[in-house]
Amino acid sequence: MRTLTSICPGCSIGCGLYLLESEGGERRHGLKVAHRTVAPMNEGKLCKFGMQLPAYYDKEALHNSVDGKEVNHEEAIEAARERLSSMNPEEIAFIALPGTITNEELVSFTSLASEFGCENLSFGFERFFRDIPEEAFYVLEHGLPFSDVEAASKIILFFVDPFVHYPLLARRILKAKRNGARIIEVSFTKNERGLADETIVVAPHEFESLREKKELFEDSLIIGELTPYTNPHLVSLMLWLQASTSSRLFLLKPFLNVTGALLISGGGKGAEKRKDLFEIFDRIDRGKIKALYLLETDPVSVLLGGEEVKKTLSKLDVLIEQNVFRTPLSEIATITLGSEPFYKKKGTIVNIEGRVLDLGGESANGLAILERMGKGRSYEDVHEEVKKRLGLGSSEPSEFEIAVTRTERKFGVAFLVEFIDSFLSLLKMGNDEERGEEGYSLWYKTNPFFWAGVRDKQFVEISPAAMRTLGLFSGDEIELVQGDLKERLGFKISDVPDDLIVSEDKLAIQPSDGHWAELHRRELLTSVALRRAKRSSTAEE
Amino acid sequence: MKSKYYLAWATDDEIRKRGANGGFVTATLVSALETGFIDLAVVIEKKSVYEGIPILTSDPEVVKDSSGSLHGVPLNLAKYVLESAPDKRIGLPVKPCDARGIIELAKRQQINLNNVYLIGLNCGGTLHPLQMRAMAAECFGLDPDSVLREEITDGKLFLVHEAEGTEKEAGMKIDELERQGRGRRDACKACDTKIPVMADLACGNWGVPQGEQKTFVEVLTEKGAAILDNALSNGAIEIENASEQGIELRKKIEASMQKLAARWNAELDVLKDLSPSERFAFYKAELQRCIHCGACKAVCPVCACEADAKCLEQHDETDSYAISMYNLLRLLHLMDSCIHCGRCEDVCPVDIPLTLIQRRFSERMQRHLDYTPGMEVTQTPPLNETKLRWRAEGE
Ligand code: SF4
Ligand code: SF4
Ligand code: SF4
Ligand code: SF4
């Protein structure tokens, strides 16, 4: 038995843990998770995803291949370099959603992109910086130490259910509550778990009412979420609430090393130069981008409309996938490059608190792939560069320090108001025009399983009224329908608005018009139809 | 050997220096490995005073490296013993809760106890490592990373630290720290099993004359006598009979620790003066936070069911109960078996006071059934008896 010190790649908290690796001949094989009490980010606790990490790591490995033929490592790297070199810079794109990617790999990835003269680089969060004032960039780039959450006197949970989204944050909020903090949740529905002292229930499509409740947000810590498909207008609304009520905003992010990726690539200012994820997809759709390098990123699992992603990426001449495990895209990839699993990696990440964490592994294979194609630097050289880019100088911070801190700045709200207004009017429009034939909207409660493409719950939450309308009985199944797509699953009755369906799993729902550049502007709630599933036997109804 | 009580110490200078109380436990395990008396040892590899990793090793050098006390590493080793093949002979140092957990797992046919040598350590309690770091900084005024060693003696926590190139020692009364809301984990404060009488040997410094670097050893089983004999005939240890005063002193210390535990047990029980409806409201408020991560079950040294566990089978997340069937079933199943080690609470991501709740449910039940879990391998948990008999009979 070997005990490895590791970090959970499930979300931006980056919980510390141990993995027990059994050797042959012993009673149990494979990996087992054990708690690491001294880890300051999680104090020895893990959520369900962390507890199930062995299953996450127990997937089919990705091998090296070129045009569907297995090749050795060198051949695959050489082929990737050749194919990329034969393209025009504007025809190439690089995407890395930093879930299991180290800072060192990100430095190599960005420099590889610039060596090819390519500006189509995305970490998945670029578009949020487009529409906000530069002085507000810091809010999106940095999180906050959990000690700040524990010390807050008023916390607003802005459409965030900590028990589902980020369970390891729930206990910090509880601590704040025990310290006397007032906890207010802004939500579509009241959370039954008793965390909040007060709930502001907002009906779907009625976000504008929040602008009138400004005084409620005064001097608070607002906790919201930023994901690849959070509506940028919603982010602006949160920023507006922050700036006009002298509050602080803590935006949680789904991928482990988003903070690292943003800081390493110049944060919001760097984002101006890079491309928005959906913009890249749109360009691929229109044939403008012909080659794509995906670094440990499986957009099929991450984004809405998995099939649509695959269809779009099939249009590429060259798809290079560097990954650990096979993904739905591996079968259409031109070149696959097998890397090492996260727990074996040598390198660092920055968690949402700004802690620079050492991963504890020994392999820098993933980095070597990138460096062999690019500048050919050693791990040590790249690591030095990481420290420089994170502003750490030559110091090697310990996990007990918050090494990357955030400085609050003042920013104006006038510009945001206009932007938010356009969103609110769109929402109103959506209310009348965009909902499905039976008038239901789908709202995702994200969680680590959601982003890892793992189905966990396999049911949605609907209101008692919806249950009655559809004539459902306990144990029945329902069908969610959008266009040609159907998803059949179970349901749970909850206190949700009558026209809202809440899901903790990503469902096979497509962007309504398949237009990537448009997707993020419009979708806050996805319109679907909800039906009672037809039973396959003759005993229907 | 005739006596039951000895004072013992390592003959090797290095082991004597590095191990606590004369290095008896380390020397005994090292000797058992060197002579092939055991195949493997489970020890805690020390990373710092705040962190240790359980490892299974056949290397005596690794055992030597792991010597010394680690109060800031609250672990229960029971489930780590499962990692080894059932036919391997294993030796390990155990706190009372480790030993009790291992015995409960043995009753559930998870561990072959004949192959396991339990070298018990007297236990006053463990501390949460982050709490210990915070105490080092805020109560002792030290840089937590400068702490080299820690020790708990005479009711005091001592931190040996680096200061201007030399080593210095700072001590504070545990009682005082605990009055400030610091100190040991709640489960340890209320734990009344201080001497591991269910192990093969019980070792510690209670009953050792002041200033002497020796271990007080009580031989509790034939296996205990055998592993001690092995170390003795291998020349790894020296022993002498314990004095009557020493035996008395040890008893006295145990009794006063138990008295303190009883006081804490009453103090921590915030439910005792509540009305039934208030108590129900408390359970509801606390248990409805459960996110069904399964951590409490995974670490529990008396939970032995795997994927087909009833608590998981009965739990359906589409049910809208405020308290899930998972928690209710676990409470029910552990009523006769919970050893109150507090591991479940240590790992609960939503801070449910599980030890307190488990205690409320199980203490009276265990008294009523006249059953103390983890003390005696032949005594099966009354509520689980039929199931365990079936399992033993291969049904
Ligand atoms: S998913 Fe997030 S909260 Fe859960 S264990 Fe992993 S890092 Fe921690
Ligand atoms: S529960 Fe008891 S035996 Fe276990 S560590 Fe705490 S005090 Fe020691
Ligand atoms: S239920 Fe908790 S306190 Fe009881 S034995 Fe299991 S882990 Fe220990
Ligand atoms: S550890 Fe806590 S949250 Fe997890 S299943 Fe147990 S009681 Fe529930």
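Excluded from the calculations below are hydrogen atoms, water molecules and symmetry mates; all remaining heavy atoms, backbone and side chain alike, are included. So that the names make sense, note that chain A is the first sequence line, chain B the second, and so on, each numbered from 1.
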Per-pair distances, 0.1 Å, donor-acceptor, side chain in residues 54-61 of chain B, under 3.5 Å, sequence neighbours excluded:
residue, atom, partner, partner atom, Å
B:Thr57, OG1, B:Asp59, N, 2.9
B:Asp59, OD1, B:Glu61, N, 2.9
B:Glu61, OE2, B:Lys64, NZ, 3.0

Between [options], which shows the greatest number of heavy-atom pairs under 4.5 Å with chain A?
{"options": "B:Ala298, B:Cys348, B:Gly294, B:Gly72", "answer": "B:Cys348"}
{"options": "B:Glu51, B:Arg343, B:Gln131, B:Lys284", "answer": "B:Glu51"}
{"options": "B:Val73, B:Val350, B:Val347", "answer": "B:Val347"}

Once rounded to the nearest 0.5 Å, what's the spacing between atom [atom1] of [X] and atom [atom2] of [Y]?
{"X": "B:Ile291", "Y": "A:Arg193", "atom1": "CD1", "atom2": "CZ", "value": "7.5 Å"}
{"X": "A:Lys492", "Y": "B:Asp316", "atom1": "NZ", "atom2": "CG", "value": "8.5 Å"}
{"X": "A:His35", "Y": "B:Leu75", "atom1": "NE2", "atom2": "CG", "value": "11.5 Å"}
{"X": "A:Glu43", "Y": "B:His128", "atom1": "CD", "atom2": "NE2", "value": "6.0 Å"}

Are B:Glu45 and A:Thr3 close enough, and set up right, to give a side-chain contact (heavy atoms from CB on, under 4.5 Å), and what steps lead you there? CA-CA 10 Å; B:Glu45 184 188 285; A:Thr3 308; over 6 Å; no

Residue part contacting chain B, namely of [X], when any heavy atom lies under 4.5 Å:
{"X": "A:Ser494", "result": "neither"}
{"X": "A:Phe163", "result": "both"}
{"X": "A:Arg172", "result": "neither"}

Closest approach of A:Phe400 and B:Leu130, non-hydrogen atoms and distance?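 In terms of heavy atoms, the two residues are closest at CE2-CD2, 3.9 Å.
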
Minimum heavy-atom separation for B:Gly52 and A:Tyr18, please, with both atom names.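 So the two residues come closest at O-OH, 3.9 Å.
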
In this structure, are over 12 heavy atoms from other groups packed under 6.0 Å from A:Lys344 atom NZ?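 Counting neighbours around NZ of A:Lys344, 12 or fewer heavy atoms of other residues, nucleotides or ligands fall under 6.0 Å, so no.
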
Can you tell me if A:Glu362 has over 12 outside heavy atoms packed within less than 6.0 Å of its CD?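 Not more than 12 within 6.0 Å, no.
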
Please name the residue in the list A:Leu169, A:Asn42, A:Leu168 that meets the side-chain contact (heavy atoms from CB on, under 4.5 Å) test with B:Pro349.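 Exactly one option meets the side-chain contact (heavy atoms from CB on, under 4.5 Å) with B:Pro349, and it is A:Leu168.
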
May I ask you to test the B:Lys47-A:Val38 pair for a side-chain heavy-atom distance under 4.5 Å?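 Heavy-atom side-chain distance check fails, nothing below 4.5 Å.
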
Taking 4.5 Å as the heavy-atom cut-off, does anything in residues 46-53 of chain A contact chain B, and if so which residues?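 Only A:Leu46, A:Cys47, A:Lys48, A:Met51 of residues 46-53 of chain A have a heavy atom under 4.5 Å from chain B.
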
Let me see the working for A:Thr37 and B:Asp346 under side-chain contact (heavy atoms from CB on, under 4.5 Å), right down to the final yes or no. CA-CA 8 Å; A:Thr37 322; B:Asp346 285 349; 5.8 Å; no

Salt bridge between A:Lys457 and B:Glu317, side-chain N to carboxylate O under 4.0 Å?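 Salt bridge present between A:Lys457 and B:Glu317.
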
Sidechain N-carboxylate O distance under 4.0 Å for B:Asp351, A:Lys175: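 Salt bridge: no.
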
Looking at A:Leu195, A:Leu174, A:Asn191, which one has more heavy-atom pairs under 4.5 Å with chain B than the rest?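 So the answer, after comparing A:Leu195, A:Leu174, A:Asn191, is A:Leu174.
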
Which atoms of B:Asp319 are under 4.5 Å from chain A, going by heavy atoms: the side chain, the backbone, both sets, or neither?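 Just its backbone gets close to chain A.
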
